[in-house]
Amino acid sequence: QVQLVESGGGSVQTGGSLRLSCVASGNTYSRLYCMAWFRQAPGKEREAVAFITGYGAGTYADSVKGRFTISRDMPKNTIYLEMSSLKPEDTAMYYCASIARADCDGPSQDGRMDDWGQGTQVTVSS
């Protein structure tokens with residue numbers, strides 16, 4: 001099992017930027033796992049925002065392409081989500097997740113992950 005702790009959320013105005021962090025612990029191999037950021041807004045279903053493979057390749061939801069960047073620091077066993085040009089519709093609880101595999105092919109289709117963090121709130125005001 002991997003423990004995931006997110007940080008970096010907050011309140012910003014439209015057009016602003018935030019960087020979310022997610023530190024993984026509890027399993028040395030987790031630095032090679034597929035990891036992802038999901039978000040859930042009140043009254044809406046959880047949606048995948050971005051995935052990063054164990055090899056460092058990122059993929060994004062269409063709604064955030066060009067605005068968000070996912071990255072990982074393997075020595076620190078941490079992933080990041082750089083968010084820019086934020087919009088009110090980006091307001092949500094953001095969750096970090098991991099799965100015990102290096103590729104993200106399956107999870108990017110079905111959203112199934114093994115471990116989840118507690119989430120960090122992002123609020124974008126107009």
4.5 Å side-chain heavy-atom contact, [X] and [Y]:
X     : Y      : result
Glu6  : Trp37  : yes
Arg39 : Val64  : yes
Asn27 : Gln3   : no
Gln1  : Asp115 : yes
Thr14 : Pro88  : yes
Val12 : Met83  : no

Nearest 0.5 angstrom please: [X] [atom1] to [Y] [atom2], how far?
X     : Y      : atom1 : atom2 : answer
Arg31 : Ser98  : CZ    : OG    : 12.5 Å
Gln13 : Ser125 : CD    : OG    : 5.0 Å
Leu81 : Met35  : CG    : CE    : 12.0 Å
Ser25 : Leu4   : OG    : CG    : 7.5 Å
Cys34 : Ile99  : SG    : CD1   : 6.5 Å

Practice problem: Using a strict cut-off of less than 4.0 Å between a Lys/Arg side-chain nitrogen and an Asp/Glu carboxylate oxygen, indicate whether Asp90 and Lys87 qualify as a salt bridge. | Solution: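 Between Lys87 and Asp90 there is no salt bridge, as every charged N stays at least 4.0 Å from the carboxylate O atoms.
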Self-check item: Non-neighbouring partners of Lys44 that pass salt bridge (charged side-chain N to carboxylate O under 4.0 Å, His left out), sequence neighbours left out
Solution: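 Residues passing salt bridge (charged side-chain N to carboxylate O under 4.0 Å, His left out) with Lys44: none at all.
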Please answer whether the main-chain N or O of [Y] pairs with a side-chain N or O of [X] as donor and acceptor at a distance below 3.5 Å.
X      : Y      : value
Arg72  : Gly56  : no
Gln118 : Val5   : no
Glu82  : Arg19  : no
Thr91  : Val124 : yes

ILVMFWY cluster, [X] and [Y] together (side-chain gap under 4.5 Å):
X     : Y     : result
Ile70 : Tyr95 : no
Met93 : Leu20 : no
Ile52 : Tyr94 : yes
Leu86 : Tyr60 : yes

Practice problem: For Phe68, enumerate each residue passing the ring-ring contact (aromatic ring centres under 6.0 Å, His included) test, keeping only those at least two apart in sequence or located in another chain. | Solution: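 For Phe68 there are no ring-ring contact (aromatic ring centres under 6.0 Å, His included) partners, ignoring immediate neighbours.
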Exercise. Could I get the full list of ring-ring contact (aromatic ring centres under 6.0 Å, His included) partners for Phe51, not counting sequence neighbours?
Key: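 Here the qualifying residues are Phe38.
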Using distance only, find each side-chain donor-acceptor pair of residues 101-113 under 3.5 Å and give its atom names and separation, not counting sequence neighbours.
from, atom 1, to, atom 2, distance (Å)
Arg101, NE, Asp103, O, 3.4
Arg101, NH2, Asp103, OD1, 3.4
Arg101, NH2, Asp103, OD2, 2.8
Asp103, OD2, Asp105, N, 3.1
Ser108, OG, Cys104, O, 2.9
Ser108, OG, Asp105, O, 2.9
Asp110, OD1, Arg112, N, 2.9

Quiz item: Taking atom types as modelled, is there a side-chain donor on Asp114 or Tyr33 under 3.5 Å from an acceptor on the other?
Solution: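 There is no such pair (donor and acceptor under 3.5 Å, judged by atom type) between the side chains of Asp114 and Tyr33.
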Quiz item: Which residue pairs pass the ring-ring contact (aromatic ring centres under 6.0 Å, His included) test when at least one of the two sits in residues 3-24, sequence neighbours left out?
Solution: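 Pairs touching residues 3-24 that pass the test: none.
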Exercise. For residues Ala92 and Ala41, report the shortest heavy-atom separation together with the two atoms involved.
Key: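 Looking at all heavy atoms of both residues, the shortest contact is CB-N, 3.8 Å.
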Quiz item: With ILVMFWY side chains joined below 4.5 Å, transitively, what does Met74's cluster contain besides itself?
Solution: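 The other cluster members (ILVMFWY side chains, heavy atoms under 4.5 Å, direct or chained) are Leu32.
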